[in-house]
Peer 1: 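Supplied in structure tokens, the structure appears directly below.
First the proteins, then the strands, lettered A, B, ... as listed; each starts at 1.
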2 protein chains.
Amino acid sequence: MAIERKATADPARSLAILWRTREPTSRSAGQGLSVDRIVRAAIDIADAEGLDALTMRRVGEALGVGTMSVYTYVPGKAELVAVMIDTAYGEMPRSAVEGDWRARLERIAHDNLALYQRHPWMLRAETTRPVLGPNLVAKYDHELGAVADIGLTDIEMDAVLTLVLGHVKSSARAASEVVDLERETDMTDGQWWQSHAPWLETFLTADSYPTASRVGTAAGQQHGGAYGPEYAFEFGLQRVLDGISVVVAERAASR
Amino acid sequence: MAIERKATADPARSLAILWRTREPTSRSAGQGLSVDRIVRAAIDIADAEGLDALTMRRVGEALGVGTMSVYTYVPGKAELVAVMIDTAYGEMPRSAVEGDWRARLERIAHDNLALYQRHPWMLRAETTRPVLGPNLVAKYDHELGAVADIGLTDIEMDAVLTLVLGHVKSSARAASEVVDLERETDMTDGQWWQSHAPWLETFLTADSYPTASRVGTAAGQQHGGAYGPEYAFEFGLQRVLDGISVVVAERAASR
DNA sequence: CAACGGGGTCGTACGGCGTACGTCGACCGC
DNA sequence: GCGGTCGACGTACGCCGTACGACCCCGTTG
């Protein structure tokens, strides 16, 4: 029910797979099992049914193969997930670097949001000390390109990226949970809100917590409408970019 | 290895416990088991050893009681976690509302960071559609107080809070993972970085990804030093607050 | 062409988890 | 003193990840 633990995939093992240290043997070169086929099957399962549905038994099944055969190509589930993550990074667009830095960062934020929408399981699998696969490195390099040459120090460039991507991840997580819950409970967020309103009013009277009840109601109605997570994402992103522009302006002025 | 799934604790059941709908019977009033004792024991375990170590068997053990006895007071693990979360909120300071809005938000950010440092398991257990326990409501009301009366709409007040708390959570998660990994691997972040440097240089040459290799190295050294997650937290927080001040200024000007 | 060796495959089994279910004992109200 | 009720808990089920060892098939070698 929580974030992936033993997310500590053995980095060395994962890296060996990711950077293709081992060339395929003549035997396995046929149409048999392979890391690629396993990873693709695993991603399909996780995309469609979430990280909890991704079990080693399930992967074997999907490939018409015994559960333990999977372990021939992948040392364990944690390492499989690590490879899945890097593979997903590899499928991201590397939009051309055009426009000013703000437009570029905005574009990157939206690309990453789309990534999380396509692969919601990544929200629960990623760690902050990621396995440095080739696609993550390429992604990092590409994204740094958006903030290079605007007068920031290297440390600041990294911090800016961390900030923006962190915001995207927060927002994506919120949006993803709304979708999950709407499917699990067969209720839209708005319906859920309304069905709980009477209960809330029992305890959360305007007397006891006036501000919370007023603002909570307003925010709840917003969620009921078409916009909710989307608004939080856009609002937050614009605030973050505004904040970054203050630093950029400072650096430009002192040059 | 991931974020709590079936985090869908049955809200009604959780709420019933949280708002103490059921008064203690004369029988159970003695020194026997109780929701409070269970929750306290569970929080102690999770604080000390993480959410993975928190099993129902373990909770029973800690209380000198059979595993299934716990289910007399709590409908399931998900609901137990929900109550743990609200309890933790209840232990937060409600710092007096003083200073300007920026100082107040900064204070709130630091209070929430401290909460996550004391209870790192919350980073993996919280959801975005939380169970509306009494302490969460009180916390929300208190935190709204920091941004009331500065000219924002209700929706914006909620969005500002969501943004700041989202940033705190991102940063706290990063910091927490660093701590976890340093314990698990018996290596500091700096040592880990250095031990992987040769490997990285093999693939990530300055030729292939000049920006990534330069900035990554700089950021890596930063992590090796005393500051890393703390810097990311403070840098991001100041940027977020700068961004918010732009909106506040706009609203003040148009009034 | 026969024998061998090794690698891909997979069945079984173990120790963990959450928890459904049914029983038992002790206490409280009468 | 007694009946009913409720807290406590033992057992068991179906999941999970994966260690271990057996099998089988195929490419290589003598």
Peer 1: Select base, sugar-phosphate, or nothing to describe what B/L63 touches, counting heavy atoms under 4.0 Å on all strands.
Peer 2: nothing
Peer 1: For A/L51 and D/dG17, give me the distance from atom CG to atom P, rounded to whole Å.
Peer 2: 10 Å
Peer 1: Round to a whole Å and report the spacing from CE of A/M56 to C1' of C/dG16.
Peer 2: 17 Å
Peer 1: Pick out the pairs of N or O atoms, protein on one side and nucleotides 9-12 of chain D on the other, that lie under 3.5 Å.
Peer 2:
{"residue": "D/dC9", "atom": "OP2", "partner": "B/G66", "partner atom": "N", "Å": "2.9"}
{"residue": "D/dC9", "atom": "OP2", "partner": "B/S69", "partner atom": "OG", "Å": "2.9"}

Peer 1: Can you name the nearest heavy-atom pair linking A/A88 to A/M122, along with the distance?
Peer 2: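 For A/A88 versus A/M122, the nearest heavy atoms are CB-SD, 3.6 Å.
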Peer 1: Could you check whether B/G60 gets within reach of a base, just the sugar-phosphate, or nothing at all, counting any heavy atom under 4.0 Å?
Peer 2: nothing
Peer 1: Centroid separation under 6.0 Å, is that true for the rings of A/H110 and A/F233?
Peer 2: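 Centroid distance A/F233-A/H110: below 6.0 Å, so yes.
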Peer 1: What pairs with A/H119 under ring-ring contact (aromatic ring centres under 6.0 Å, His included), at least two apart in sequence or on another chain?
Peer 2: A/W121
Peer 1: In whole Å, what is the span from the CZ atom of A/R58 to the C1' atom of D/dC16?
Peer 2: 14 Å
Peer 1: Calculate the interatomic distance between A/K77 atom NZ and D/dA19 atom P; express it in whole Å.
Peer 2: 15 Å
Peer 1: For B/D141, which residues count as a side chain to side chain donor-acceptor pair (under 3.5 Å) partner, sequence neighbours excluded?
Peer 2: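 Per chain and number, B/D141 pairs via side chain to side chain donor-acceptor pair (under 3.5 Å) with no residue.
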Peer 1: For B/A53 versus B/R58, what's the shortest heavy-atom pair and its separation?
Peer 2: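 So the two residues come closest at O-CG, 3.5 Å.
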Peer 1: Could you state the atom-to-atom distance from OH of B/Y71 to C1' of C/dC21 in whole Å?
Peer 2: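 It works out to 13 Å between those atoms.
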Peer 1: Going by the rule ring-ring contact (aromatic ring centres under 6.0 Å, His included), which residues pair with A/Y116 if we only count those two or more places apart in sequence or in a different chain?
Peer 2: none
Peer 1: Using Watson-Crick and G-U wobble pairs with both distances under 3.5 Å, what is the 5'-to-3' dot-bracket string of DNA chain C, with [ ] for crossing pairs and | for pairs outside the strand?
Peer 2: ||||||||||||||||||||||||||||||
Peer 1: Do B/N112 and B/E143 get their side chains close enough for a donor-acceptor pair, meaning under 3.5 Å?
Peer 2: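 The criterion, which ignores hydrogens and geometry beyond distance, is satisfied for B/E143 and B/N112.
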Peer 1: Which heavy atom of B/A138 sits nearest a heavy atom of B/R94, and at what distance?
Peer 2: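 Shortest heavy-atom contact: CB-NH2, 4.0 Å.
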Peer 1: Nearest whole angstrom, please: distance from the P of D/dC15 to the CG of A/L54.
Peer 2: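 Answer to the nearest Å: 17 Å.
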Peer 1: Who passes ring-ring contact (aromatic ring centres under 6.0 Å, His included) against B/Y71, sequence neighbours left out?
Peer 2: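 Not a single residue meets the ring-ring contact (aromatic ring centres under 6.0 Å, His included) criterion with B/Y71.
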